[in-house]
Amino acid sequence: MAFVTSPAANPQAIISGPNYRFTILTDRLIRYEWAFDGCFEDRASTFAVNRHFPAPKFHTVETADNLEIISDHFHLSYDKKRFSPAGLVVHFNFRHTNWGAPWQYGISEELNLGGTARTLDLCNGRCDMGEGVVSKAGYAALDDSASMLFDGGFVAGRKPGDRVDGYLFCYGHDYKDAIKAFYSVSGKQPILPRYALGNWWSRYYAYHQDEYVRLMDRFRAHGIPMSVAVIDMDWHLVSDPCVPHAGWTGYTWNRKLFPDPEQFRHDLHQRRLKITLNDHPHNGIHSHEDSYEEMAKVLGHPTGEKQKRPILFEPSNPKFMKAYLDILHRNLEKTACDFWWIDWQQGPYSKVPGVDPLWLLNHFHYLDHARDGHSTAPLIFSRYAGPGSHRYPVGFSGDTVVTWDSLAFQAEFTATASNIGYGWWSHDIGGHIFGGRDDELVTRWVQQGVFSPIFRLHSSDSKWNSKEPWRYRREHETVMSDFMRLRHRLVPFLYTYNVIDSAENDEPLVQPMYWAYPDSNEAYSFPNQYIFGSKLLVAPIVEPRNKTTNLAAVKAWLPPGPRFMDIFTGQLYDADREITFHRRLEEYPVLACEGTIIPMDADPAPVNGCVNPDAFEFLIVIGNDAEATVVEDIGDDATPPPGHNELKTARKEHGLQRKSVIQFNQPTGRLIAERINRPSKFRFLSATSVSREELKVYCDGVDRTNDVTVTTTTTTTMQDATKAQIPSLVVDCSFSEGVDDEHCITIELGPNPRLSVIDPTGRLEALILDYQCEFETKDRLWKTVTNREKPVNAVIGTLMSLGYDDSTVDPVCELLLADGRLCFPFDRSSE
């Protein structure tokens, strides 16, 4: 894989003097440099790999002791001296703060919205997330003065001496544009392989290879799909007498645990699992390692001594790095390794000042994984090294403490990382170290993990801390298993977003609320709430259930615009409000606004490996126009079609992919699904009031209404509500079959169809039934909510006057006040 850079800027965008240089990269992005010797840097850095862009519109005004650079968005003033707060000032032409403060070089900016951190190791709750390139102040500076440089195929440190190399992002509250500018300079997010989006199993535990395979089979027996097998450090020799150090570094298979690693690879690959091995490289290669002699010969390392000296880990030495990848790691990859977990924890120091070993490992491992077409979507699993790290996904956030505080911070941490372009964090779902047994905590962590970039269960070697769902109480096992299945069902949605939105259109999967609503104060007040895949709003539950109601609560904000529907309950909520959601263990506040289509795998228990599904299910929330795309690689088919190898080669060379497009037009009530080549189910959530007489289905223009199965689900009984069955209109089109046959399916619901007003009686009954309280309390609650002679506001008033705790009354009020169209006596004409 070639590392393509274009670091030299357009000369027409440069304004320079004896010791200063300004480059106007865009009309809102400035590079500012100062060098004591007048020697400036044109090599690519870890952050800036592209600086050559069309020169934007600007003009200068210059005198002997002052320089002004003026664009439509900023006005820079510089005194031509060593940069200082008074000497380098930038004013802006936008309303970014109430007081319109300028940027002054060297002055700390307190309104920055944060970036991310190198690790969450040992963090119990919050940590410092540094700075990103978006700020409530409207501007953000990125200091690139000390970063590593790419030089002639390898790397180098910065020139010594007094130097400044910085970038000023002047994008106001256009946060998404600021991030797009960041990616244009620092490189785009690459496409992840499809398998990376499924369930990863990871545990710091000395498995025997047969034990590991049996564990994967047990997941399959429980109907839980997996995609990546993470093998922690015990795959290599650790405590054997021949190991002369602490044992964290190792490159020789532990034959007691892995007597036949080639068979281990065969067994896991047969189960459609990819293998990643943990590597702590800091201790180098000692004489007991299988590859020691071969490495020593290539490196000219003496081996004749009585006591053979170790080959030290020297990542700043290009000859060592080449042997490290071509010999040491290649030998292991041939045996049983699909990609590497690079677990560097020893800081940013090497023999070359400014050259961070973690950067070297991330960069060269990633390029190496794509060597000679080895992988069309290379992958490493490593730690964040600083701005530009998004080019080397995915991120390992470190050893998470098992507490509610850790869970409470993780969603905010993930969303905030997008402010520095880092979109593919992988966390220790369920927590790794310390803490104690808490089934509910782990279950809520799994639920949040499903709606996070990478789903990776992890735990320590404690006998009591493993994350297999069947090790937990039955209700938690059921929920954890269901959500892990859901993760694989969401892969069509996730992979498409990965290809189109993330890699092509510079949209991280998880985004803070203020990206979409920068001028709403509420967007900054709910940092743990986020947008997932541009389609879903997630309000994570990070506190245990109330013991009386058996419900967990989370306060959320629904922004103005279309109404929102909870995809787990089918409940519709009015927008532009703050609200507290109350949820049972099996429920999670994930909401889609009117005009949403989510493509999914129709199989309730998908197979391992995240293969392209045999059938689709599309979740559709009507009420507004909607569109969705499904992108697939031919090579990810479970059963390769004829000509598979040729198609895979063509895909690699020409980007050949399958693409289906689904569009819904609200005024006509017409859904058109183009290029559908397999059975598909269309689930219109909370659309049970659509007239069956008006419903029409066409395939390639031919009326097939009588050939499809149409069903309506409701939640009118307590049993249905307990099962969380969403009221839906389901159109099952099973006539489009054959991988080479593409069809156009049209479904007509009738003009301007509306979402149903759901009678809350069944859900209220199930809610109150589960309350752990006096029967008299239940009777008074039930009598109040079933008094249909009163309007809703009177019912709410009566509930509030009963004198019960808020935790008892609020969940009832949530359901009654969710949809403003609800009125008593219940009347469907209010739709």
Side-chain angles (χ1 to χ4, degrees), residues 121 202-212 229-265 275-315 317 320-321 323-337 339-347 349-351 357-358 360-361 365 380-383 396 398-399 432-433 458-463:
D121 280 348
S202 178
R203 187 186 179 195
Y204 174 41
Y205 183 79
Y207 285 106
H208 187 279
Q209 70 177 70
D210 295 339
E211 181 185 12
Y212 201 105
V230 183
I231 317 299
D232 214 314
M233 58 178 287
D234 287 288
W235 65 269
H236 62 72
L237 295 174
V238 174
S239 55
D240 190 275
C242 70
V243 179
H245 50 72
W248 289 87
T249 302
Y251 299 99
T252 300
W253 286 94
N254 182 342
R255 295 288 172 167
K256 294 179 181 177
L257 295 177
F258 293 87
D260 190 348
E262 290 88 353
Q263 183 63 44
F264 180 64
R265 177 196 63 204
I275 304 168
T276 181
L277 301 181
N278 177 278
D279 181 18
H280 293 90
H282 65 281
N283 273 332
I285 306 95
H286 288 248
S287 59
H288 69 281
E289 303 284 12
D290 288 345
S291 295
Y292 176 80
E293 295 290 342
E294 189 177 1
M295 286 284 291
K297 181 178 179 180
V298 168
L299 294 173
H301 184 81
T303 61
E305 301 97 334
K306 202 170 187 180
Q307 181 67 38
K308 295 181 178 179
R309 290 189 291 111
I311 301 171
L312 298 180
F313 179 69
E314 294 189 60
N317 181 334
F320 173 85
M321 281 301 293
Y324 168 82
L325 294 169
D326 290 350
I327 298 173
L328 191 66
H329 282 76
R330 197 76 72 249
N331 289 343
L332 293 163
E333 290 162 11
K334 292 174 183 176
T335 306
C337 182
F339 67 97
W340 285 96
W341 173 8
I342 306 159
D343 202 354
W344 178 262
Q345 304 174 51
Q346 283 69 44
Y349 309 106
S350 70
K351 288 185 176 180
L358 180 57
L360 286 156
L361 290 165
H365 261 292
I380 61 169
F381 180 35
S382 188
R383 296 173 185 263
F396 167 50
D399 297 338
H432 174 56
I433 53 176
H458 189 62
S459 54
S460 67
D461 61 353
S462 169
K463 178 181 179 65

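Keep in mind the model is a prediction, meaning the values are calculated, not measured.
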S.K.: Holding to side chain to side chain contact (heavy atoms under 4.5 Å, CB included), I want the full list of residues that pass it with L257, two or more places apart in sequence or in another chain.
M.R.: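 L257 satisfies side chain to side chain contact (heavy atoms under 4.5 Å, CB included) with A206, D234, N254 once adjacent residues are dropped.
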
S.K.: Run the side chain to side chain donor-acceptor pair (under 3.5 Å) check on W235 and Q209 step by step: do they pass?
M.R.: CA-CA 9 Å; W235 65 269; Q209 70 177 70; over 6 Å; no

S.K.: Might you point out which heavy atoms bring P302 and R309 nearest each other, and give the distance in Å?
M.R.: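 Result for this residue pair: CG-NH2, 2.9 Å.
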
S.K.: Kindly write out the residues that satisfy ring pair (Phe, Tyr, Trp, His ring centres under 6.0 Å) with W248, not counting sequence neighbours, or none if the list is empty.
M.R.: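 By the ring pair (Phe, Tyr, Trp, His ring centres under 6.0 Å) rule, W248 matches H280.
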
S.K.: What are the two closest heavy atoms between D290 and T252, and how far apart are they?
M.R.: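 Nearest pair, atom of D290 first, then T252: N-OG1, 2.8 Å.
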
S.K.: Tell me every residue that passes ring pair (Phe, Tyr, Trp, His ring centres under 6.0 Å) with F381, counting only those two or more places apart in sequence or in another chain.
M.R.: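 Once residues adjacent in sequence are excluded, the partners of F381 under the ring pair (Phe, Tyr, Trp, His ring centres under 6.0 Å) criterion are W200, W341, F396.
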
S.K.: Taking only residues two or more places apart in sequence or in another chain, which ones pass side chain to side chain contact (heavy atoms under 4.5 Å, CB included) with S459?
M.R.: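 With neighbours one apart ignored, the set is R203, N465, S466, K467.
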
S.K.: Are D279 and H365 linked by a side-chain donor-acceptor pair shorter than 3.5 Å?
M.R.: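 No, H365 and D279 have no side-chain donor paired with an acceptor closer than 3.5 Å.
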
S.K.: Could you please spell out the steps behind the side chain to side chain contact (heavy atoms under 4.5 Å, CB included) verdict for Y212 and I275?
M.R.: CA-CA 12 Å; Y212 201 105; I275 304 168; over 6 Å; no

S.K.: Check this for me, if you would: do R265 and E262 make a salt bridge, where the nitrogen-to-carboxylate-oxygen distance has to be below 4.0 angstrom?
M.R.: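 No.
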
S.K.: Can you check whether I342's main-chain N or O pairs, donor with acceptor, with S382's side chain at less than 3.5 Å?
M.R.: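 A pair under 3.5 Å: yes.
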
S.K.: What are the two closest non-hydrogen atoms of T249 and P281, and how far apart are they?
M.R.: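 Looking at all heavy atoms of both residues, the shortest contact is OG1-C, 3.9 Å.
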
S.K.: In this structure, is the centre-to-centre distance between the rings of H286 and Y292 below 6.0 Å?
M.R.: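 They do not qualify: ring centres at least 6.0 Å apart.
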
S.K.: Does any N or O in the side chain of R383 come within less than 3.5 Å of the main-chain N or O of W344, such that one atom is a donor and the other an acceptor?
M.R.: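 Answer holds: yes.
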
S.K.: Only counting residues at least two apart or in another chain, list the ones meeting ring pair (Phe, Tyr, Trp, His ring centres under 6.0 Å) with H432.
M.R.: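 Once residues adjacent in sequence are excluded, the partners of H432 under the ring pair (Phe, Tyr, Trp, His ring centres under 6.0 Å) criterion are H458.
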
S.K.: Test salt bridge (Lys or Arg N to Asp or Glu O under 4.0 Å) on K297 and E294 and set out the steps.
M.R.: CA-CA 5 Å; K297 181 178 179 180; E294 189 177 1; over 6 Å; no

S.K.: Step by step, work out the side chain to side chain contact (heavy atoms under 4.5 Å, CB included) result for F320 and I311.
M.R.: CA-CA 9 Å; F320 173 85; I311 301 171; 4.0 Å; yes

S.K.: What are the two closest non-hydrogen atoms of P357 and G347, and how far apart are they?
M.R.: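 What the structure gives for the nearest pair is CD-O, 3.9 Å.
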
S.K.: Assess the pair Y251 and H329: is the distance between their ring centroids shorter than 6.0 Å?
M.R.: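 Yes, they do, as the ring centres are separated by less than 6.0 Å.
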
S.K.: Output all residues satisfying salt bridge (charged side-chain N to carboxylate O under 4.0 Å, His left out) with K351, sequence neighbours left out; order by chain, then residue number.
M.R.: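 With neighbours one apart ignored, the set is E314.
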
